[in-house]
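These values consider heavy atoms only, across backbone and side chains, with no hydrogens, waters or symmetry-generated copies. Since the structure is predicted, the reported quantities are computational estimates derived from the model, not experimental observations.
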Amino acid sequence: MHLTTGNQPNPLDPLAAQEIDEARRILAEEGLLTERVRVAYLGLEEPPKAEVLAYEPGSPVHRRARAFLLDLAAEQSEDVIVSITEGKVEERRPIDPLTDGQVPMLDEEHALVRNVLREDAGWAEALRRRGIDDPAGVYLAALSAGHFGLPKEEGRRVARVLAHLMPTPESLPWAHPVDGLVAYVDLIKGEVLEIVDTGPQPIPGEPGDYHHGPHRTTQKPIHITQPDGPSFTVDGPLITWEKWSLRLGYDMREGLTLHQIGFEDGGRTRPIVYRASVAEMVVPYGDPSPIRFWQNYFDTGEYQLGKLANSLELGCDCLGEITYFDAVVTDGAGVPKVIANAICMHEEDYGVLWKHTDPANGSRETRRQRRLVISFFVTVGNYDYGFYWYLYLDGTIELEVKATGIVFTGAYDDRAAPYSSEIAPGLAAPYHQHLFSARLDMTVDGVANAVDEVEAVPLGGHAFGRAATRLRTELEARRDADLKAERTWHVVNPDVRNRLGRPVGYALHPEGKPTLMAAEGSSIHRRAEFATKHLWVTRYHTAERYPAGDLVNQHPGGAGLPAYTRADRDIDGQDIVLWHTFGLTHFPRTEDWPIMPVDTCGFVLKPVGFFDRNPTLDVPPSAAARSCH
């Protein structure tokens, strides 16, 4: 179904295709959208939180869109706000490529790079030195350039290009890296800036084609059925399931967004999270060679995860009684593009919720856990990522990210050995990280929230207890996880008490895996400083949306969370946003080749004193096994 307005319209409803068409018409009438202007991003300009929370159903909604425009003729970019409701451009801000960076990469720029290099004599000669006479038989990956202060690139829109040989048109190229070679391409002028060639290296010859049989024949079918249908209800973006309610959103940059997550308790819906999304991710590589030192990809800010979503298929990506939602993004001309079945939603059994057999009175009770699953999957070049949000019967919220796909490859030799794994004969997979930043705009029983850092402490002998420290300002709240101390962060509402007189709260449980490994002072450290801490807490501001800043592509660094927290605002009993860094540090195994089994990371939000008692006492015994009651 389309993720469009239901019977209860809301200011947070995603832009519909007709609204995108209207925004495009307005931009064209204002002379901002011509044949030489490309739309790098177009999405809903969400109203300020206070305006949304004050919204009464049936009231008029002022709909706005935000667009990043790239004028190829003038070699200029703009950040534009369009009022769809009033039919006019409200704001225009020029983008300075030296200080602001570049708008995200366009899909068409990948084809541009291939055309430029296949016509370039220097590139053809470099390939001939490696025994490759036909440039058309080489797959070229146009990759984000980063920012390294190179004089030739100042102010230019640049991509860096690595090559892999394709022995046949059906071959997967990643098994055959053409190493020791990288090209830098000006994407506006369509010309090669530089070719870096450190000399030919042997091209690994063993195929990496994993998609052919034979397949095992031992698996019996698994059928998941719900004869009476699922337990959730859908009204456009509004979802209700068990005691949960939330609104789905979708953005071509972030992908799936969750809004106004609340839980029914005592006859009212209690708010927990106003907005949740994965607002950025970065994939830094650890090889410092002249060919690969620049490999650091911001998959959200540079490539825009939302527009790279897969169309999901029953039995392949999702299993059971599935409800799908389409998503609407735009192409480079600003034309709406529908991604069918971009979001998958279903409920699933999740084992035992609680159980006890009591020796005093002989009673025995068991209840089954169940969760609502809302997910989407994206493909970013060689890697694929699944983002799974889970809501549980007991008030728990979880995010799990699944990383799979194909590791990036190069030639393995003594030089590469300290920074990569040999995954097949002569084939290297560089060490790298996948680091994500979840933006959690919290409203735990209201907008006045605070954060306590809670950890276990030894008290001498066999005694131990816990210590809670209030994080009072933004700089104090730049924190790291500590698994040894079982450190968690409790988001509490000081003005709302449970029946024991304590503030209601939700606890963020981090996995505590490594943060950014790059050294302070390095380019990627400056640009991805958000990934150097597990936790940041900021005072809510409607313009502070992305942990690495609004524009990430070729940005020199310092934007986003470092800039947001510089004023060190008060966060004690205020409207606050949590930014949580989590991820994977990947030292590829031979088992990760030729395709990587899913690896996971994520976090959990659990109620702590939010409810007066276990909120699942009313969950009935399983209808399939009444004997457990």
Side-chain angles (χ1 to χ4, degrees), residues 1-35 37-71 77-95 103-104 106 235-238 247-260 274-275 277 304 306-307 309 325-339 342-343 542-543 545-546 550-551:
M1 64 180 67
H2 289 296
L3 194 60
T4 53
T5 302
N7 296 320
Q8 301 181 51
N10 186 278
L12 298 175
D13 289 345
L15 290 179
Q18 59 267 33
E19 291 181 301
I20 293 173
D21 280 333
E22 179 64 9
R24 185 169 175 268
R25 183 193 66 78
I26 295 166
L27 290 168
E29 284 192 354
E30 294 278 351
L32 298 181
L33 189 57
T34 68
E35 289 184 359
V37 173
R38 312 310 292 160
V39 178
Y41 167 82
L42 195 150
L44 176 68
E45 176 70 357
E46 293 181 17
K49 185 195 294 188
E51 185 178 318
V52 175
L53 294 179
Y55 173 75
E56 294 288 341
S59 301
V61 177
H62 192 160
R63 300 285 280 173
R64 295 180 174 89
R66 186 184 192 187
F68 294 155
L69 305 179
L70 173 62
D71 189 326
S77 299
E78 279 194 280
D79 183 354
V80 182
I81 303 296
V82 177
S83 171
I84 298 171
T85 302
E86 298 180 353
K88 66 179 184 180
V89 171
E90 286 190 344
E91 297 178 33
R92 294 175 60 182
R93 185 183 70 84
I95 295 170
V103 299
L106 303 168
D235 177 16
L238 177 62
R247 305 191 75 90
L248 302 184
Y250 199 87
D251 178 72
M252 67 182 286
R253 178 171 178 160
E254 295 169 283
L256 176 64
T257 56
L258 306 183
H259 304 261
Q260 295 182 306
Y274 174 75
R275 188 184 194 276
S277 70
Q304 302 189 100
K307 73 174 185 177
F325 299 90
D326 301 339
V328 182
V329 297
T330 68
D331 65 12
V335 175
K337 173 187 172 185
V338 176
I339 304 174
I343 301 169
T542 186
R545 305 172 225 193
Y546 307 111
D550 285 6
L551 294 164

K.L.:
Supply the atom-to-atom distance K88 NZ to E30 CD, rounded to the nearest 0.5 angstrom.
P.N.:
10.0 Å
K.L.:
Do side-chain atoms of D251 reach the backbone of E254 as a donor and acceptor pair under 3.5 angstrom?
P.N.:
yes
K.L.:
Check whether F68 forms a cation-pi arrangement with R253 (NZ or CZ under 6.0 Å from the six-membered ring centre, at most 45° off the ring normal).
P.N.:
no
K.L.:
Indicate the atoms forming the closest heavy-atom contact of S277 with T257, along with that distance.
P.N.:
CB-CG2, 3.8 Å
K.L.:
If I compare all heavy atoms of E22 with all of I84, which pair ends up nearest, and what's the gap?
P.N.:
CG-CG2, 3.8 Å
K.L.:
Ignoring hydrogens and geometry, is there a side-chain-to-backbone donor-acceptor pair from E51 to P48 under 3.5 Å?
P.N.:
no
K.L.:
Where do V328 and L15 land on the side chain to side chain contact (heavy atoms under 4.5 Å, CB included) test, with the steps shown first?
P.N.:
CA-CA 8 Å; V328 182; L15 290 179; over 6 Å; no
K.L.:
Please confirm whether the backbone N or O of A333 pairs with a side-chain atom of R24, one donor and one acceptor, at under 3.5 Å?
P.N.:
yes
K.L.:
Ignoring hydrogens and geometry, is there a side-chain-to-backbone donor-acceptor pair from Y250 to G306 under 3.5 Å?
P.N.:
yes
K.L.:
Atom CZ of R92 and atom CG of L32: how far apart are they, to the nearest 0.5 Å?
P.N.:
4.5 Å
K.L.:
Say whether, by atom type as modelled, one donor and one acceptor occur between the side chain of S77 and the main chain of L70 under 3.5 angstrom.
P.N.:
no
K.L.:
Just how far is it from atom CG of D550 to atom CZ of R545, taken to the nearest 0.5 Å?
P.N.:
6.0 Å
K.L.:
Nearest 0.5 Å please: distance from the CG atom of L12 over to the OH atom of Y274.
P.N.:
4.5 Å
K.L.:
Hey, which of R63, R247, H259 is the one that makes side-chain hydrogen bond (donor to acceptor under 3.5 Å, both in side chains) with D13?
P.N.:
R247
K.L.:
For R64 and L44, which heavy atoms make the closest approach, and how far apart are they?
P.N.:
O-CD1, 3.5 Å
K.L.:
Test side chain to side chain contact (heavy atoms under 4.5 Å, CB included) on L258 and L256; report intermediate values, then the result.
P.N.:
CA-CA 7 Å; L258 306 183; L256 176 64; 4.2 Å; yes
K.L.:
Is any side-chain heavy atom of V52 closer than 4.5 Å to a side-chain heavy atom of Q260?
P.N.:
yes
K.L.:
Give me the atom names and distance for the closest heavy-atom approach of L42 to A23.
P.N.:
CD1-CB, 4.4 Å
K.L.:
Between P94 and E78, what is the shortest heavy-atom contact and its length?
P.N.:
CA-CG, 4.3 Å
K.L.:
Using the rule given for side chain to side chain contact (heavy atoms under 4.5 Å, CB included), can you reason through V335 versus T330, listing the C-alpha separation, both sets of side-chain angles and the distance that settles it, and then say yes or no?
P.N.:
CA-CA 5 Å; V335 175; T330 68; over 6 Å; no
K.L.:
Taking all non-hydrogen atoms of both residues into account, name the closest pair between T542 and E46 and its distance.
P.N.:
OG1-O, 4.3 Å
